[in-house]
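Residue numbers count from 1 along this sequence. First listed ligand is number 1; within each ligand, the first listed atom is number 1.
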Amino acid sequence: MNKYSVLIVGGGSTYTPGMVLMLLSQLDRFPLRKIKLYDNDPERQEVIARACEIIIHEKAPDIEFLASTNPEEAYTDIDFAMAQIRVGKYAMRELDEKIPLKYDVVGQETCGPGGIAYGMRSIGGILENLDYMEKYSPNAWMLNYSNPAAIVAEATRRLRPNSKIINICDMPIELENHMATILGLKSRKEMDVRYFGLNHFGWWTEIYDKAGNDLMPRLKEHVRKYGYVEDESLYTDPKRDSWHATYQKARDILELDDAYLPNTYLKYYLFQDYVVKHSDKNYTRTNEVMDGREKDVFTACRKVAEDGHCHDDLFDVDNHATFIVDLATGIANNTHERMLLITENKGAIANFDPTAMVEVPCLVGKNGIEPLAMGEIPQFQKGLMEQQVSVEKLVVDAWITGSYHKLWQALTLSKTVPSATVAKQILDELIEANKGYWPELK
Ligand code: NAD
Ligand code: LMR
């Protein structure tokens, strides 16, 4: 079997050690000859890289390891770039969340004004990395799960139409893992699903087991009571992080439309007032992540470097990220595996903009991905999606043309923002906060 060289872009990410451990757990189906890390923040990457080097040396000494902040060194001789960058890091994410909240508007990483601000930063970062890949390893594929994936995907569709980039999101996979647990299945792969939407904005329309039995009735019954919280005894657990409330809220989304099972991110567009009311304007998800995941991962990495050895309990193997290996092996081995991916619509959703970047089941093969036809969608979902996809397209217009008005229109059109007046106030603060990250707007 071929052995592959993989570059993790955003090597300093909190997800990197878990990703490396996950890659090492999948060598039987995705053999590796090299694991490389690339980041543009040398201090941040250094801490993670020292631990990864020890882990790889202990667990798979035949795999070559290299961490670099030099694009040529990092991008030369790779087969896959797995991109997990966060342009502006947590410091900027915190502002994305807190600035809108000052105006009683949803403050979230990828939804509403926060997602728009993050998108305006991410486009340049992803294009820069895609260009490095094409220069130094023109045959490689970029598997991108950096957020906000919807805006990044629209930008690369427009600005790098021939690039070998596939955008994928872990949220549907995470929710399918919850569904599998709810149903008592061993794996989400025991389910066949139909799904349509945009990234962080979609619905499961049908879910079957491998024998073709309809699993939707049982799932809906559970979600009506507990949302996607798997176990009734966990439902009232006070020690869970803010994701717990998000999983619970799926209950109310289902009540609004009982036909389909929703992606949890819809809560930000359908229950904006509830979300704002339940947000702490001084302590948002970023603070939770910095005090939790970031601290834990960096402390563990420093310990590995000090001890020169990795204890097995220090990191979680990022098992849910095996979907990235599914995608890589789908391409490498031409498997035609069926996966939910972000792709240009081109008629997959029959009554929707053919140029929209949608999230639908696709077949993955050596020459890329092929979307499957999901047919016509109902008026309610279509209306919501048309509004949201227009926001995403206007953000990319604003980034390309440097138009203040396009971005103001994008914020105004977001279902999370109550008026053009509030949109302008938030936009003007975001522009100040993002100096040096966004193109200059006129
Ligand atoms: P993080 O801030 O810990 O890591 C991101 C890294 O990207 C930082 O080290 C930063 O220096 C680097 N970076 C920023 N701009 C860069 C550029 N232009 N070139 C190279 N490196 C750059 O963030 P995180 O919380 O670990 O998330 C990373 C990304 O992964 C985010 O976009 C996040 O939304 C996405 N994500 C991944 C998963 C997953 O399953 N792996 C799940 C959810 C989200
Ligand atoms: C994050 O960092 O918070 C996101 O990547 C997903 C999450 O955990 O909220």
What atoms of ligand 1 come within less than 4.0 Å of a heavy atom belonging to [X]?
X    : answer
R293 : 25 (O)
E128 : 18 (N)
S146 : 32 (O)
K89  : 10 (C), 11 (O)
D41  : 11 (O)
R44  : 1 (P), 2 (O), 3 (O), 8 (C), 9 (O)
E109 : 34 (O)

Candidate with minimal heavy-atom separation from [atom], of [options]:
atom                    : options          : value
atom 42 (C) of ligand 1 : T286, I324, D170 : D170
atom 25 (O) of ligand 1 : Y38, Y15, Y90    : Y90
atom 9 (O) of ligand 1  : T14, D39, I8     : D39

Note: K34-D77 ion pair, threshold 4.0 Å (strictly below):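 A salt bridge is present here (some side-chain N lies under 4.0 Å from a carboxylate O).
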
Heavy-atom gap Q45 to ligand 1 smaller than 4.0 Å: no

F298 heavy atom under 4.0 Å from ligand 1: no

Candidate list F196, Y195, W204, test ring-ring contact (aromatic ring centres under 6.0 Å, His included), partner Y260, passing option: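 Looking at F196, Y195, W204, the match for Y260 under the ring-ring contact (aromatic ring centres under 6.0 Å, His included) is F196.
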
Please say whether [X] places an N or O atom under 3.5 Å from an N or O atom belonging to ligand 1.
X    : answer
N129 : yes
N147 : yes
Y118 : yes
N40  : yes
A321 : no

Nearest heavy atoms of Y4 and A332, plus distance in Å: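 Looks like OH-CB, 3.3 Å.
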
Residue pair L314 / K303: nearest heavy atoms and the distance that separates them: CD1-CG, 4.3 Å

Worked check of side-chain hydrogen bond (donor to acceptor under 3.5 Å, both in side chains) between Y145 and Q84: CA-CA 6 Å; Y145 41 97; Q84 47 183 25; 3.3 Å; yes

Test log, rule side chain to side chain contact (heavy atoms under 4.5 Å, CB included), inputs R86 and E109: CA-CA 11 Å; R86 186 184 289 286; E109 180 188 22; 2.8 Å; yes

Side chain to side chain contact (heavy atoms under 4.5 Å, CB included) assessment of R50 paired with V304: CA-CA 8 Å; R50 286 181 67 197; V304 172; over 6 Å; no

Side chain to side chain contact (heavy atoms under 4.5 Å, CB included) evaluation trace for V297 with I48: CA-CA 8 Å; V297 168; I48 305 276; 4.0 Å; yes

Using the six-membered ring wherever Trp is involved, compare the ring planes of [X] and [Y] and label them parallel, tilted or perpendicular (cut-offs 30° and 60°).
X    : Y    : result
W203 : F201 : perpendicular
W243 : Y247 : tilted
H311 : H309 : perpendicular

Ligand 1 versus T16: contacting region, heavy-atom distance under 4.0 Å: neither

